[in-house]
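Report on one structure; see the data block that follows.
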Amino acid sequence: MKAQHIKAKIEDYSRFIYVLLAVSTFLYIGVMIGQGEKSDMQLGIMEAIVILLPPLLFI
């Protein structure tokens, strides 16, 4: 019973990793392909999110 519970958690975390990776990739592409002018604050927020999300994949 406990092994099944642990296996289910591992599957959930692996799905969570893929979601975070997809979100950070999407945000990174949005920073690189900019249409229109972005303020320094917007760029800073996007860069901070891109920097902070990938390390969360491995925690």
Side-chain angles (χ1 to χ4, degrees):
M1 187 64 128
K2 192 169 189 168
Q4 290 177 346
H5 183 67
I6 292 173
K7 187 176 180 181
K9 281 192 173 198
I10 290 171
E11 290 175 6
D12 287 341
Y13 282 122
S14 64
R15 288 186 195 118
F16 184 65
I17 287 170
Y18 290 124
V19 168
L20 285 179
L21 184 62
V23 169
S24 64
T25 302
F26 179 74
L27 290 173
Y28 185 71
I29 290 171
V31 169
M32 299 307 282
I33 304 172
Q35 292 183 1
E37 189 67 28
K38 292 183 177 69
S39 69
D40 289 336
M41 187 173 96
Q42 288 174 321
L43 285 174
I45 291 171
M46 287 188 283
E47 289 174 358
I49 291 171
V50 168
I51 290 169
L52 293 176
L53 281 182
L56 288 176
L57 298 174
F58 301 105
I59 292 178

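Annotation: side chain to side chain contact (heavy atoms under 4.5 Å, CB included) contacts of Leu52 (sequence neighbours excluded): none. For the side chain to side chain contact (heavy atoms under 4.5 Å, CB included) test, residues two or more places apart in sequence or in another chain that qualify with Glu11 are Lys7, Arg15. A search for side chain to side chain contact (heavy atoms under 4.5 Å, CB included) contacts involving Ile17 returns Leu57, not counting sequence neighbours.
Ile49 and Leu21 end up in the same hydrophobic cluster when Ile, Leu, Val, Met, Phe, Trp and Tyr side chains are linked at under 4.5 Å. Hydrophobic clustering places Val23 together with Phe16 (ILVMFWY residues linked when any side-chain heavy atoms are closer than 4.5 Å, directly or through intermediates).
Other residues, nucleotides and ligands contribute more than 12 heavy atoms inside 6.0 Å of the CG atom of Asp12.
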